[in-house]
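Each chain gets a letter, A, B and so on, in the order the sequences are listed, and its residues count up from 1. Below, each value reflects all heavy atoms present in this structure, side chains not excepted, and no hydrogens, waters or symmetry copies.
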2 protein chains.
Amino acid sequence: MNPTIKDVAQKANVSIATVSRVLHNLGGYSDKTKQKVDQTIKELKYQPNAIARGLINKRTQTIGVLFPDVSSTFSSDLLHGIDEFVHDRNYSVMVCNTDQDGKRTLKYLQLLREKQVDGIIFSSEVLKQEYYDMLESMKVPVVLVSSQTDYANVPYVKVDDYQAAYDAVDYLITKGHCSISMISGTKGDPIAGTPRVEGYRKALEAHGIPFASRYLVYGDFSYESGCRAMEAILRRTPEITAVFAASDEMAIGALSVVTKHGMNVPEDISIMGYDDLRLARMVNPPLTTVRQPLYDIGMIASEKLISMIETGEPAESQICTHSIVERQTVRAIT
Amino acid sequence: MNPTIKDVAQKANVSIATVSRVLHNLGGYSDKTKQKVDQTIKELKYQPNAIARGLINKRTQTIGVLFPDVSSTFSSDLLHGIDEFVHDRNYSVMVCNTDQDGKRTLKYLQLLREKQVDGIIFSSEVLKQEYYDMLESMKVPVVLVSSQTDYANVPYVKVDDYQAAYDAVDYLITKGHCSISMISGTKGDPIAGTPRVEGYRKALEAHGIPFASRYLVYGDFSYESGCRAMEAILRRTPEITAVFAASDEMAIGALSVVTKHGMNVPEDISIMGYDDLRLARMVNPPLTTVRQPLYDIGMIASEKLISMIETGEPAESQICTHSIVERQTVRAIT
């Protein structure tokens with residue numbers, strides 16, 4: 001028979017409430033009492049039952065994280081930051097893979113509701129009305145990462161997608177490139193699609209380069225789609241000197257295709273990515289890219305979420321700083 | 001006030017046990033009864049409370065997964081398979097990042113005990129006595145992936161590390177290479193270290209090539225360690241024509257260093273990896289490697305674990321088939 005909190009209280013000669021306060025670090029007891037309780041817990045080998053505790057304090061110390069694709073390096077970089085922060089605060093992470101088209105999202109929200117998670121981090125997907133309604137009825141705080149919303153009570157943590165894309169293309173132009181193709185992410189994606197295309201367009205215009213729709217090709221952020229897009233670019237507009245891809249995976253796809261066709265990067269074509277995933281350093285040549293600080297974004301989102309869970313106060317959205325990481329896939333032309 | 005299972009039973013005019021059986025798909029009721037119960041659940045908007053349910057049927061429908069490094073692509077490929085399988089069976093995944101030196105492992109096992117997970121998947125780490133004792137006291141089934149143990153009640157799912165390394169080196173030899181360096185993983189690692197070195201050694205010997213310790217360099221499976229190891233190889237044994245690395249990340253590090261020194265792969269040096277991570281296809285040139293079917297390994301481990309949870313019967317260990325994936329980093333020499 002496992003010892004109960006009542007056994008601990010009796011043996012330590014304090015109230016059950018005091019034991020509970022000590023267990024949850026809530027204060028309101030002397031150091032001596034804390035010592036006595038801790039000692040008794042050790043002696044009796046008392047294991048607090050998180051499930052029963054969840055029924056009492058209404059908290060499960062668990063957060064749910066929804067990713068569109070857990071096997072992407074994008075998700076794993078984010079998860080690393082989330083994991084690091086929440087475990088230090090004694091929360092656990094329940095991971096859900098929603099698939100890119102979001103068809104499993106409602107199912108997983110339902111599951112997280114059943115598990116009574118204390119809060120949710122929602123990654124890289126648009127917060128549709130039906131998701132929002134479900135989340136509202138769950139009455140748990142939500143933080144978006146690499147996404148955005150107009151719902152005032154849902155803070156987001158992301159970079160400025162428009163400005164980051166603008167700066168990437170501006171960088172290519174200052175390196176002397178005027179014929180620049182863009183491989184966009186999914187067409188119509190209001191977060192990581194349209195704003196980045198808009199940044200590309202506006203950077204060209206700011207330098208007096210007219211936007212030409214034949215230079216804009218769509219992928220879906222994946223490596224494979226980057227390969228397909230680059231094949232189309234080489235076929236249709238071989239005169240370009242640089243490519244800006246809206247994800248590192250697509251940029252790396254483009255890099256493979258250029259090499260496959262016997263050309264060199266950056267001598268023949270310059271390539272610029274977006275994300276700065278771990279693998280951007282690992283490819284050959286190492287990828288010049290716009291950095292989203294994904295590990296930090298994961299940490300900041302977790303911090304906001306746990307603060308909302310524990311204080312009940314709303315948190316503010318945060319735009320994280322992007323930066324250009326110069327490696328070896330862009331050359332200056334004269 | 002949320003409706004309870006009692007409310008559903010009353011309104012549907014069946015017993016609470018019947019509602020419970022319908023909820024858990026346990027059979028023993030007519031289709032008509034099932035329809036009536038499902039209908040009533042919808043009408044009352046009854047939300048089964050997974051936590052309270054956990055107290056009754058003693059199951060939380062949650063499994064814990066321990067990885068030494070959640071941000072590695074190795075972990076994310078495995079997690080993808082695990083996630084895919086368990087979600088279909090209505091289980092959730094709680095992910096713990098134990099760090100490579102395992103110092104957080106005991107802390108997370110304690111956490112998973114508190115969460116009363118139904119079972120645990122333990123990845124890429126040796127099952128030390130202290131972990132085993134903790135797991136025994138938790139009385140939940142455990143499956144190891146890419147690890148191994150002599151504890152009869154703990155099945156594992158992995159490839160044959162010795163044979164996979166043997167086959168990789170044998171492949172290089174049949175391509176005409178006789179001066180082959182190996183970049184091993186962590187020295188003394190009894191799972192992914194020593195057996196792979198042994199495979200390298202035995203394959204050389206089988207072809208009458210004496211093993212030379214100066215050709216064996218140690219890394220720790222990471223990209224960075226592969227870079228350091230390759231620098232050492234080029235300095236100390238520049239005569240080699242091929243390198244076998246015990247992880248794709250190290251192989252990709254070696255690839256970067258060779259290129260940085262102005263040499264070409266595979267023209268000047270052939271490189272062979274181990275794992276077949278997603279990124280093996282994405283590097284330039286695409287990496288020739290030994291494939292561990294990580295996604296499948298994740299699926300199989302989950303299947304075994306859930307079967308152990310639900311039947312209480314032991315499961316058998318399984319050795320998955322490795323294979324050589326020929327891409328473009330190994331050339332035949334004559």
Side-chain angles (χ1 to χ4, degrees), chain A residues 47-55 60-62 64-65 69-73 75-84 87 90-97 104 107-108 110-116 137 223-224 226 249 252-253 255-256 258-260 265 278-279 281-286 295, chain B residues 45 47-55 60-62 64-65 69-73 75-84 87 90 92-97 104 107-108 110-116 137 223-224 226 249 252-253 255-256 258-260 265 278-279 281-286 295:
Chain A
Q47 301 284 354
N49 178 331
I51 291 191
R53 203 163 66 201
L55 285 175
T60 56
Q61 298 287 123
T62 305
V65 181
D69 182 3
V70 288
S71 72
S72 74
T73 47
S75 298
S76 58
D77 285 3
L78 260 177
L79 183 58
H80 195 202
I82 293 170
D83 185 84
E84 206 54 38
H87 272 129
N90 284 315
Y91 282 76
S92 307
V93 176
M94 204 163 257
V95 175
C96 299
N97 183 21
R104 301 206 288 190
K107 184 186 154 208
Y108 289 138
Q110 177 63 35
L111 184 78
L112 293 175
R113 178 213 286 264
E114 281 207 22
K115 297 288 178 190
Q116 305 195 357
S137 76
Y223 169 79
E224 289 75 15
E249 289 218 6
I252 292 168
L255 181 61
S256 308
V258 170
T259 314
K260 204 187 76 185
V265 174
R278 255 183 93 234
L279 66 96
R281 281 175 291 140
M282 294 165 63
V283 293
N284 183 21
Y295 178 87
Chain B
K45 297 197 174 113
Q47 301 285 353
N49 177 331
I51 291 191
R53 204 162 66 200
L55 284 176
T60 55
Q61 298 287 123
T62 305
V65 181
D69 182 4
V70 288
S71 72
S72 74
T73 47
S75 298
S76 58
D77 285 4
L78 260 178
L79 183 57
H80 195 204
I82 294 170
D83 186 86
E84 205 58 34
H87 273 128
N90 284 314
S92 307
V93 176
M94 205 163 257
V95 174
C96 300
N97 182 23
R104 300 206 289 191
K107 184 185 153 206
Y108 289 138
Q110 178 63 34
L111 185 79
L112 293 175
R113 177 212 286 263
E114 280 208 23
K115 297 289 179 189
Q116 306 195 352
S137 75
Y223 170 78
E224 290 74 16
E249 289 218 5
I252 292 167
L255 182 60
S256 308
V258 171
T259 314
K260 204 187 77 186
V265 174
R278 256 184 91 234
L279 65 95
R281 282 175 290 139
M282 294 165 64
V283 294
N284 183 22
Y295 178 88

Student: Could you pull out the closest heavy-atom pair between B:V95 and A:V95, with the gap in Å?
Tutor: CG2-CG2, 3.5 Å
Student: Which residue out of B:T62, B:L279, B:L255 racks up the most heavy-atom pairs below 4.5 Å with chain A?
Tutor: B:T62
Student: Atom CD of B:E249 and atom CZ of A:R278: how far apart are they, to the nearest 0.5 Å?
Tutor: 4.5 Å
Student: Could you check whether any side-chain heavy atom of B:M282 comes within less than 4.5 Å of a side-chain heavy atom of A:V283, counting everything from C-beta outward?
Tutor: no
Student: Determine whether the side chains of B:S256 and A:N284 contain a donor N or O and an acceptor N or O closer than 3.5 Å.
Tutor: no
Student: Measure distances from A:Y295 to the heavy atoms of chain B and classify the residue's part below 4.5 Å as side chain, backbone, both or neither.
Tutor: neither
Student: Checking side chain to side chain contact (heavy atoms under 4.5 Å, CB included) for the pair B:M94/A:V93: CA distance, chi angles, key distance, verdict?
Tutor: CA-CA 6 Å; B:M94 205 163 257; A:V93 176; over 6 Å; no
Student: Once you round to the nearest 0.5 Å, how far does CZ of A:R281 lie from CD1 of B:I252?
Tutor: 12.0 Å
